[in-house]
Amino acid sequence: MDINQIIALDEQYYMNTFGKRLPVCFANGKGMELVTTEGEIYQDFLGGIAVTALGHSHPKLTEALHKQVDCLLHTSNYYYVEPQAKLAKLICEHSCADKVFFANSGAEANEGAFKLAKIYFYKQGKNKTEIISLKKSFHGRTLTTVAATGQDKYQKPYHPLTPGFIQVAPNDFEALLSAVTPNTAAILLEPIQGESGVHPMDKAYLEQVRKLCDEQDILLIFDEVQTGMGRTGEWFAHQYFDIEPDIFTSAKALGGGVPIGAVCAKDFVASAFAPGDHGSTFGGNPLATAAGVAVFEAIEEEKLLDNAKAMSLYFIEKLTALKKAHPQILDIRAAGLLIGVEFSEEHAKNIYNGLFRANYLTSLCGNTLRLAPPLILTKADIDGFIEALQDVLNA
Ligand SMILES: *Cc1c(COP(=O)(O)O)cnc(C)c1O
């Protein structure tokens, strides 16, 4: 099918939640590159929104998937699953978690985290059911994760939402403090807000929140769906900030492109889940968890955390130089290879479109260009992007 036929099919049969998409369809990819059905090559600086951490068609991941497909796709959680147990071990060895439960997406992992926080207090006979999250956050598209997401545009059509959620301003400890009640079960936050345009929380703020949770018998939940799996240059953002949550969630890059999510927790809270308290048909199935194991092994073997750190520094240096010469750039915010470049309002959309016309894939969050390239990124890739951005800024 050519691109126009694909667009016509989509318009006729697919629900219109994504509106008019960018007019390309990718047929294959390798590393940083994606190739359209028309044979045009694009540089992927979005990584499927922080999903394809290994780039496209990574040999290690591809091989692991081929092997798993040839053996077995799915059994049931009635039975033991070898890659599920292995991936749980890998997550615990590389994070502050002691136990893991697998879901199929970020939203579903967050739902699992909310259930775990609630049942933890329920089993102690405590009436702690409220969850405080932050404004400008993003936690997913299910009804309950929309209730947690502090953006009116996502909530408005869907009232009544799951009760028990309130949002306060990010990075504002006083605002958080005044929202805490004896019923507060958990504080939920993204250590770096992704969808709102890459806004890292202050370390001092996170330290205050951690202390507050300890003092007031409140669970601290980090939504690391976007910031985990090496994105910040550490395995998980809680290590980037050196602050341990009681529960954190992962998804996006965890399967390198195969759908999977994870609820990860310390033993004292994880043990609140007893047999029958939670479950999933697909969660942690052989295919998805074999992918996760391969992603962990590839990041480790290829030292991609070190690469993410080094390329982050190089990228920021280049962007900062560009900012000096181009007043359209207002701000650069980054944590590892999650990078936001904020433009003045009148220029943002044009710059984003100009990059797309130059065959560079990025995303626009408000006036901020969000970059979440694969962790295999090289200096040459960054030089190419900077050149393209410079051309667009000069146009
Ligand atoms: C993408 C994202 C989610 C939702 O993940 P889905 O897999 O789309 O359900 C939740 N939280 C954060 C921080 C995200 O970036």
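In each ligand, atom 1 is the first atom listed, and ligand 1 is the first ligand listed. Keep in mind that the numbers below use all heavy atoms, side chains included, and drop hydrogens, waters and symmetry copies.
Residues F236 and H94 keep their aromatic ring centres 6.0 Å or farther apart.
For the pair K126/D217, a side-chain contact is recorded, criterion being any heavy-atom separation below 4.5 Å from C-beta on.
Geometric assessment of K379 against the ring of Y314 yields a positive cation-pi assignment under the 6.0 Å and 45° thresholds. Taking the centre and axis of the six-membered ring of Y14, the NZ or CZ atom of R21 falls inside the cone set by 45° and 6.0 Å.
Evaluation of the side-chain hydrogen bond (donor to acceptor under 3.5 Å, both in side chains) test over residues 349-360, restricted to residues two or more places apart or in two chains, returns E40-N359.
Residues L338 and L369 share a hydrophobic cluster, clusters being chains of Ile/Leu/Val/Met/Phe/Trp/Tyr side chains in contact below 4.5 Å.
For ligand 1, residues of the protein lying within 4.0 angstrom by heavy-atom distance are S105, G106, A107, N110, F138, H139, G140, E190, D223, V225, Q226, K252.
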